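Hydrogens, waters and symmetry mates play no part in the numbers below; they use all other heavy atoms, side chains included. All of these numbers come straight from a predicted model, not from anything done at the bench. Note that the numbering runs from 1 along the sequence shown for the chain. As the structure lists them, so they are numbered: ligands from 1, and atoms in each ligand from 1.
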Amino acid sequence: MSVNIINEKCKGCTICVKSCPFGAITMSGKLAVIGVACTSCGVCVDKCPFKAIEKIEEKKETTDLSEYSGIWVFAEQRDKKIMPVVIELLGEGKKLAAEIGCELSAVVCGSGIGNLADELFEYGADKVYVADSPELEKYTTDGYTKVIFEAIGKYKPEIVLLGATHIGRDLGPCLAVKANTGLTADCTKLEIDPDDKKIKQTRPAFGGNLMATIVCPNHRPQMSTVRPGVMDKAAKVSGRKGETVKLSVSFSEGEIRTKVVDVVKHLKEMVSLTDAEIIVSGGKGMKGPEGFELLRQLSHRLGGVVAASRAAVDAGWMDHAYQVGQTGTTVKPKIYIACGISGAIQHIAGMQNSEQIIAINSAENAPIFEVADYGIVGDLFKVIPAIIDELDKQCS
Ligand SMILES: Cc1cc2nc3c(=O)[nH]c(=O)nc-3n(C[C@H](O)[C@H](O)[C@H](O)COP(=O)(O)OP(=O)(O)OC[C@H]3O[C@@H](n4cnc5c(N)ncnc54)[C@H](O)[C@@H]3O)c2cc1C
């Protein structure tokens, strides 16, 4: 919508100039002129006593939805290794594709990554779009956005899924803005509406207190970034084959504005909570960093990894890389042992899909017991050493 002065009716009274909340109207001689600051709010239309200002509805640009088909998964790779979230997205993508009745594809960018296509086929991709070029060796916003945006324009997928990793969260919005479409960030659930086959994207909002289900009815592709660790991984079918499509890659001088000087790997990247089968997690009840030593002893015996609640991280006892929950990592191990963790909703959001939850807490009314399969009410400094002793006895 825009606002327009009807010059023949304008009497030069300046009422609109004074009424405009954005100072967007000026006088040119005896005629009002609308400037670039206009937001089309329409206040001036109502204020003009001579009906000399009108609102004009602009014709909405519409997308021909029928041109778009298929589901794409952005196959994020680092050091030529497919990220675990990609396997989760392929698992979920397969289900969605079956419901829509469409093809599942993966799009992978990098340098010397030709053989990754085979792995993606084995995890369920019917087609793999490969952009292989030295300029794509390291992730850059400009490089990846250009290549994938061009591919979207050419091949027109109806859904594009990316992992909500640092890279996915950077790339997704850039692609969505260029494609003039909708993006839902950090989804935890995806479903296909049986009536119109559009994707319903659910994500936690307002600190996890509300689950918002979002649809993108009129624009394509429908885009989502998906929280790692939430969806089930695709099963591997060894030797499964598909079709490879090479994407053209050409950049003009200076088109990629980022120069990657160095990639520094922190301890953070070495903590793999999402892949762990057993997690021994500690909270404020551990009383201090020494308490986590006890958890390490337990997790060592179980072949698991140690994690923490935000309260323990905020206290400086553990690095944020170990944090489970809404603002940490979402985990789905076979066994999650919550020690001295009260079970706040923001913590539960990150571990409730664990296959078995064992809680150790001295307060019998702690909310963690509501999601626990097994609960031990007691002092963890007595309970955990007793468990360790028992494990040692069994192993000796
Ligand atoms: C926007 C937002 C995002 C958040 N994101 C996260 C997140 O990602 N992850 C997260 O964990 N939290 C998150 N939080 C914080 C969350 O609300 C809780 O504050 C936090 O999870 C509490 O951690 P806790 O259970 O370790 O500590 P507490 O709530 O203090 O609980 C400590 C527990 O230890 C028990 N205990 C004490 N001593 C012993 C003992 N000797 N033996 C046995 N049990 C004992 C107590 O009974 C108590 O239940 C978030 C909060 C907000 C507002």
Side-chain angles (χ1 to χ4, degrees), residues 85 163-166 169 185-189 202-212 225-230 268 271-274 276 278-299 304-333 335-354 357-390:
V85 69
T165 59
H166 295 303
R169 284 172 187 235
D186 208 17
C187 296
T188 52
K189 188 172 164 194
T202 302
R203 57 151 297 154
F206 297 107
N209 290 318
L210 191 98
M211 297 306 278
T225 62
V226 177
R227 189 180 285 199
V230 176
K268 282 184 189 351
V271 182
S272 188
L273 291 180
T274 43
I278 297 178
I279 294 179
V280 182
S281 193
K284 203 66 192 285
M286 299 311 303
K287 310 284 190 232
E290 325 66 55
F292 279 85
E293 196 38 56
L294 190 60
L295 295 190
R296 276 187 204 97
Q297 290 172 23
L298 177 59
S299 79
V305 295
V306 174
S309 73
R310 175 155 152 184
V313 170
D314 287 350
W317 303 342
M318 291 290 277
D319 187 87
H320 179 259
Y322 295 90
Q323 184 182 313
V324 167
Q326 187 195 316
T327 42
T329 304
T330 302
V331 298
K332 212 167 34 168
I335 304 175
Y336 187 89
I337 309 178
C339 310
I341 293 177
S342 58
I345 182 159
Q346 296 88 354
H347 187 82
I348 303 280
M351 45 65 81
Q352 63 192 347
N353 291 328
S354 307
I357 298 171
I358 302 170
I360 306 171
N361 199 303
S362 50
E364 64 181 302
N365 58 351
I368 192 74
F369 289 123
E370 288 165 28
V371 293
D373 298 284
Y374 298 96
I376 302 170
V377 179
D379 180 353
L380 64 88
F381 294 101
K382 292 186 183 141
V383 174
I384 295 176
I387 297 175
I388 291 174
D389 277 355
E390 195 55 38

Do ligand 1 and [X] have nitrogen or oxygen atoms that lie under 3.5 Å from each other?
| X | value |
| --- | --- |
| F381 | no |
| V324 | yes |
| G340 | yes |

What distance do [X] atom [atom1] and [Y] atom [atom2] have between them, rounded to the nearest 0.5 Å?
| X | Y | atom1 | atom2 | value |
| --- | --- | --- | --- | --- |
| I357 | E370 | CD1 | CD | 12.0 Å |
| K284 | R310 | NZ | CZ | 12.5 Å |
| W317 | E290 | CH2 | CD | 8.5 Å |
| H320 | T329 | NE2 | OG1 | 7.0 Å |
| R169 | T225 | CZ | OG1 | 6.0 Å |

Option set [options], criterion heavy-atom distance to [atom], minimum:
| atom | options | answer |
| --- | --- | --- |
| atom 7 (C) of ligand 1 | Q323, M351, E364, H347 | Q323 |
| atom 37 (C) of ligand 1 | G285, A311, G291 | G285 |
| atom 35 (C) of ligand 1 | I384, N365, N361, D379 | N361 |
| atom 21 (O) of ligand 1 | A338, A363, S362, A344 | A344 |
| atom 10 (C) of ligand 1 | R310, K284, K382 | R310 |

Is there side-chain contact between [X] and [Y], with at least one heavy-atom pair below 4.5 Å?
| X | Y | answer |
| --- | --- | --- |
| Q346 | T327 | no |
| I348 | I368 | yes |
| I279 | P333 | yes |

*Is a side-chain donor or acceptor of K332 paired with a backbone partner of M351 at a separation under 3.5 angstrom?*
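No; judged by distance alone, with no hydrogens or angles, the pair does not exist.
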*Would you check if the side chain of N361 reaches a backbone N or O of A366 as a donor-acceptor pair within less than 3.5 Å?*
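Flag not set: sc N361 to bb A366 has no pair under 3.5 Å.
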*So, does K287 sit close enough to ligand 1 that a heavy atom of it is under 4.0 Å from the ligand?*
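Contact present.
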_Contact between ligand 1 and G378 is defined here as a heavy atom of the residue under 4.0 Å from a ligand atom; is it met?_
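Per 4.0 Å heavy-atom rule, G378 contacts ligand 1.
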*For ligand 1, note which part of S342 has a heavy atom under 4.0 Å away: side chain, backbone, both or neither.*
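Within the 4.0 Å criterion, S342 contacts ligand 1 through backbone and side-chain atoms alike.
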*Check each heavy atom of I368 against ligand 1 and say whether those closer than 4.0 Å belong to the side chain, the backbone, both or neither.*
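Contact part for I368 vs ligand 1: neither.
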Go through ligand 1 atom by atom and flag the ones less than 4.0 Å from a non-hydrogen atom of [X].
| X | value |
| --- | --- |
| G328 | 8 (O) |
| T327 | 3 (C), 4 (C), 5 (N), 6 (C), 7 (C), 8 (O) |
| G325 | 7 (C), 8 (O), 9 (N) |
| Q326 | 7 (C), 8 (O) |
| G283 | 26 (O) |
| L380 | 40 (C), 42 (N), 43 (C), 44 (N) |

*Considering only NZ, NE, NH1 and NH2 on the basic side and carboxylate oxygens on the acidic side, decide whether R227 and D186 come within less than 4.0 Å.*
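Salt bridge between R227 and D186, a charged N being under 4.0 Å from a carboxylate O: yes.
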